[in-house]
Structures are given as structure tokens and as C-alpha cells.
Amino acid sequence: MSYEAIVVGLGAHGSAAAAVLARRGLRVLGLERFGRGEAHGSSGGWSRMIRIAHYEDPSLVPLAEASWDRWLALGDEVGTTLLQETGGLYGGPPGHAVLEGSREGAARHALAVEELDAAEIHRRWPIFRLAEDATAIFETKAGVLHADRANAAFLEVAERAGADLRFGRRVIDWRPAAGGGFEVEDVDGSVVGGDHLVLATGPWIGDLLSDLRLPLQVERECPCWFTPTVDPSSVGADRLPIWVMVERGTAYYGVRHDPAVGLKVSIHHWGTFGGPDEIDRVVGDAEIERIRAWMRIRMPAANGPLAHARVCLYTNTPDGAFILDTHPAGPGVAFASACSGHGFKFAPVIGEALADLALTGTSALPIEGFRAARLVAR
Ligand SMILES: Cc1cc2nc3c(=O)[nH]c(=O)nc-3n(C[C@H](O)[C@H](O)[C@H](O)COP(=O)(O)OP(=O)(O)OC[C@H]3O[C@@H](n4cnc5c(N)ncnc54)[C@H](O)[C@@H]3O)c2cc1C
């Protein structure tokens, strides 16, 4: 059986692309190495932040806004809440990129934001006891994406539109087929053909694109959830905005208390790297202590028993931006490395962009700056 489109990797971006392609009427095959709902890559877990005043690159603001609307529409379509609006707080010492980048993104795109000092932040959310010189940008249009639910929603939409999604299928190779289109080979030796191909294998993307020598680094992250020492509502932990706070060069971030899982507090960029199949999947005491050392001073009421800890992977580019491109082996093959620790929120538009790239080689979405050529000589 031959397909009109094959998607390899069904994390947030591959499952979004499969949904878009199937909805455009193509006969779609999706192949995922692990089981449905298992997450060994980057997309698993309960929550991801969606920020609009994107400090990494103000030019991402329109893509974040477009994604926001698509998340709401996807939630309506599958009949569940995927995006909870909480507001967002991004700050640190004067001059830091998180603060200045958020300010610049907001100014350039006329976003409604407030500037809050440490005292005002404490007044609104008493759980924070920030450094006196800390300042933050607060935006109301920001929130929490329910990650596992969101991934399941894309898969549901893809299957409803007729996609054939297969799990426990590890692709080891792909190549142009003699008669046109592409062949994809599974680890068990089976080969399947397709007219168009999307490669969205997250931290494993280098395995299927080794000829491109993409300069990617896989980083081990350890998100943690804690049980506050006091009633969460007494310190505002149950109504926190999503937040990113920088102190002495380290960015801490978190999500409001959820009675089912706890209060998320973590570090953005832990700084340990390795291959996705070799990385230690157990969070160690020293890592939890790194978060506690900051919480003891800045969020003492958060520093209760550990509720959960897990390992998740970032796939970083040298410039922190994404890679979205077609393969030089021919039009019809699109690939993504859309992480660097901030790609989840964009999944609805990245799915569209991947579908556009695989079908036409280009996209009306503003993604030209994500071509791989900026990082590698072809
Ligand atoms: C701790 C953490 C916190 C984050 N926080 C945020 C946040 O707040 N906001 C935000 O926007 N982003 C955030 N991100 C980033 C975001 O989660 C990622 O950008 C996004 O999930 C990447 O999705 P993906 O589909 O590209 O990769 P993945 O989710 O890794 O999906 C790739 C899939 O391909 C499969 N696969 C791999 N190799 C093969 C193969 N050979 N054959 C078949 N299948 C294969 C894998 O099993 C996997 O399911 C965070 C990431 C982490 C780890």
C-alpha cells in the first residue's frame, strides 16, 4: 500500500502535521517509535507554557498569536480544554534578555503588558519573594497548554480524518523511490512508499538526516512538581501566571498549582547533554536540590515534598531558533527540529508549515528564517 504522505515521529509536531495532512484529504501514514501516549522525546507531560511576548525572538509573536487561536479551535473540536489562560510573568535583573526581550516583543507588537516590581509581584502572588531589583513584564494573554491532552487531540483529529497511525514502529531509513516519491524502512525490514514525507523525530532527527550534519545538541531537562508547605490559595499558588524568573544567569520557571500534580518549578536549560538513547532518565537528588536552593529563598512556601520529577529532552540549535526545511534530496521531504526548549506552543502552526513544505516546498507562514542553510553549508 502506498500513501500520499508519511509522517515519521508523532510527538507534538509530527502529530500536528499528520492532522493537517489528513484534513487536507491526503492518505496519511504516521509512524511512531514508541507506544501511543508514551513520551521519551520532548512532548510528554502535563503542561507547557504558551507565551505571546516571546523574549527569544520578537518576530515569533505573530506565530504565537496564530497558535493561540488554533489551540482554542482544536480544543473546541475535540471537546476538551487544551489551553488555560493564566497570564504570564517574565523577569529578572535589569538588562536580562528575558526581561528586555519580552519588553521588546510587547512593544513591537503593541501587546498589552504591565511592568511589575518585586514588591508588586509579592503583593499579587505572595508565594514570590524576589530580589529587590527584580522587575517583570506581565501579560494577560499567556497560559498553560495541557500537553498530553494536546498531543492526543492531534492524533484524534488525524485519525478522524482517515490517517493510519502506527505505534511501536521505528523508522531506520528513508530514500527516494525509483518510480517517484519515497520509501521508508522500518527496523523490522518492512518498506512502505509515500509521495510526500515529513520527518519530525525530535531529539532523534539527526539519525534520519545524518547527511545534513545539523548542528543539534540534545539537552537533559528535569521538570519537577512540589507540594506547597501551606494551603496553595493562601499564597496565590493556585492562581499563578506562568512565570520565568532569572537569577544569577539561571532561568527558573513554573506553572500554577494543580491539585492533581502539584506546583511546577524548574530550570530552563540544565546544561547536561548527550544522545537521546543514552541520557540518564532518572532525576537525581542533586538536581532536585538545585531547584530547592532557589525556592528556599525566592518561593519558600513551594519548598514542600517532591510530588513528581521526570526527564524530558530539549533539542537545541546554536542560535536557539527552529529548523523547518525541505531536504535537498528532493521536494516532498520536509523536516523539523522545532524545539530549543520553546517549540510546543507553536505545534499547530508548525504542523501546517510542515504540511506546506512537504506538499509545495514553501509556506505562506513566516518560516523562511528557519531554513537549515543559516546553520549548515549545503
Ligand atoms: C521539560 C520541557 C519543558 C518545555 N517547556 C516548553 C514550554 O513551556 N513551552 C513550549 O512552547 N515548549 C516547551 N518545550 C519544548 C517543546 O516541548 C518541544 O519543542 C516539542 O515538544 C518538540 O516536539 P517534537 O514533536 O518536535 O519532538 P518529540 O516530542 O520528541 O517527538 C518526536 C517523536 O518522534 C519519535 N521518533 C524518534 N525517532 C523515531 C524513528 N526513528 N521512527 C519513528 N518515530 C521516531 C519519538 O518517539 C517522538 O515521539 C519544553 C520541552 C521540555 C523537554
Side-chain angles (χ1 to χ4, degrees), residues 2-32 42-43 57 59-60 62-64 66-67 70 154 157-158 161 163 171 174-177 180-184 193-202 204-216 315 317 319 321-340 342-378:
S2 181
Y3 291 84
E4 288 165 305
I6 300 178
V7 178
V8 183
L10 295 176
H13 298 135
S15 59
V20 172
L21 288 161
R23 237 199 317 231
R24 289 187 190 174
L26 279 85
R27 205 165 55 249
V28 174
L29 173 67
L31 296 171
E32 164 57 44
S42 306
S43 299
D57 176 359
S59 71
L60 288 171
L63 280 178
S67 300
R70 285 161 173 78
F154 283 130
V157 169
V171 170
W174 65 274
R175 53 200 165 248
F182 303 92
E183 285 177 350
V184 167
D195 300 334
H196 306 276
L197 185 56
V198 171
L199 303 173
T201 53
W204 291 269
I205 194 73
D207 296 350
L208 297 177
L209 297 171
S210 52
D211 55 330
L212 298 187
R213 297 177 182 278
L214 299 174
L216 298 171
T315 308
T317 58
D319 62 6
F322 306 144
I323 301 176
L324 290 173
D325 210 344
T326 51
H327 193 279
V333 187
F335 62 91
S337 179
C339 187
S340 290
H342 60 105
F344 195 94
K345 68 184 75 60
F346 300 105
V349 289
I350 286 170
E352 284 177 29
L354 284 169
D356 292 344
L357 288 172
L359 298 180
T360 69
T362 185
S363 175
L365 289 159
I367 57 158
E368 280 307 311
F370 298 142
R371 296 275 184 182
R374 74 182 195 280
L375 301 171
V376 285
R378 279 192 176 173

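What's counted below: heavy atoms across the whole structure, side chains too, no hydrogens, waters or symmetry copies.
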* side-chain contact (heavy atoms from CB on, under 4.5 Å) between Leu375 and Leu214: does it pass, once the steps are laid out? -> CA-CA 7 Å; Leu375 301 171; Leu214 299 174; over 6 Å; no

* To do: Kindly determine whether Leu31 and Val184 satisfy side-chain contact (heavy atoms from CB on, under 4.5 Å), including the steps that lead there.
  => CA-CA 10 Å; Leu31 296 171; Val184 167; 4.0 Å; yes

* **Candidate pair Leu216 and Thr317, rule side-chain contact (heavy atoms from CB on, under 4.5 Å), full reasoning** => CA-CA 5 Å; Leu216 298 171; Thr317 58; 3.6 Å; yes

* Asked: Hey, mind stepping through Trp174 and Val333 against side-chain contact (heavy atoms from CB on, under 4.5 Å) and telling me if it holds?
  -> CA-CA 10 Å; Trp174 65 274; Val333 187; 3.8 Å; yes

* Test ring-ring contact (aromatic ring centres under 6.0 Å, His included) on Phe322 and His342 and set out the steps. => CA-CA 9 Å; Phe322 306 144; His342 60 105; 4.9 Å; yes

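The pair Arg24-Asp356 meets the salt-bridge criterion, since a charged nitrogen lies less than 4.0 angstrom from a carboxylate oxygen.
The shortest side-chain heavy-atom distance between His327 and Asp211 falls under the 4.5 Å cut-off. When side chains are defined from C-beta on, Leu208 counts as touching Val171, because their heavy atoms get closer than 4.5 Å. A 4.5 Å side-chain heavy-atom check between Asp325 and Phe335 finds at least one atom pair inside the cut-off. Residues Phe346 and Leu60 are in side-chain contact: their nearest non-hydrogen atoms beyond the backbone lie under 4.5 Å apart. With contacts defined as side-chain heavy-atom distances shorter than 4.5 Å, the pair Leu21/His196 does not qualify. At least one side-chain heavy atom of Glu368 sits under 4.5 Å from a side-chain heavy atom of Thr362. Inter-residue side-chain proximity for Val7 and Glu32 is flagged as unmet; no heavy-atom pair is nearer than 4.5 Å. Contact annotation: the side chain of Leu26 approaches that of Leu359 to within less than 4.5 Å [non-hydrogen atoms, C-beta and beyond].
Note: Leu197 CG to Leu354 CG = 11.0 Å, rounded to the nearest 0.5 Å. The CG atom of Asp319 sits 9.5 Å away from the CZ atom of Phe370 when rounded to the nearest 0.5 Å. From Ile350, atom CD1 reaches atom CG of Leu63 across 8.0 Å, with rounding to the nearest 0.5 Å.
In plain terms, the two heavy atoms of Ala22 and Ala158 that are nearest each other are CB-O, 3.7 Å. Considering all non-hydrogen atoms of both residues, Val20 and Ala355 come closest at CG1-CB, 3.6 Å. Scanning all heavy atoms of the two residues, the minimum distance from Pro176 to Phe182 falls at CA-CD2, 3.8 Å. Ala16 approaches Ala347 most closely through the heavy-atom pair CB-O, 3.4 Å. A pairwise comparison of heavy atoms in Ala353 and Leu324 identifies CB-CD1, 4.3 Å as the closest pair. When all heavy atoms are compared, the tightest approach of Ala321 to Ser340 is O-OG, 3.6 Å.
Atom CZ of Arg374 sits in a crowded spot, with more than 12 heavy atoms from other residues, nucleotides or ligands closer than 6.0 Å.
Arg27 contributes a side-chain N or O that, together with a main-chain N or O of Ser2, makes up a donor-acceptor pair within less than 3.5 Å. Judged by distance alone, the side chain of Ser210 and the main-chain N or O of Gly206 form no donor-acceptor pair under 3.5 Å. Side-chain atoms of Ser67 never come within 3.5 Å of backbone atoms of Pro348 as a donor-acceptor pair (strictly under, hydrogens ignored). Looking only at distances, a side-chain donor or acceptor of Ser43 sits under 3.5 Å from a matching main-chain atom of Ala12.
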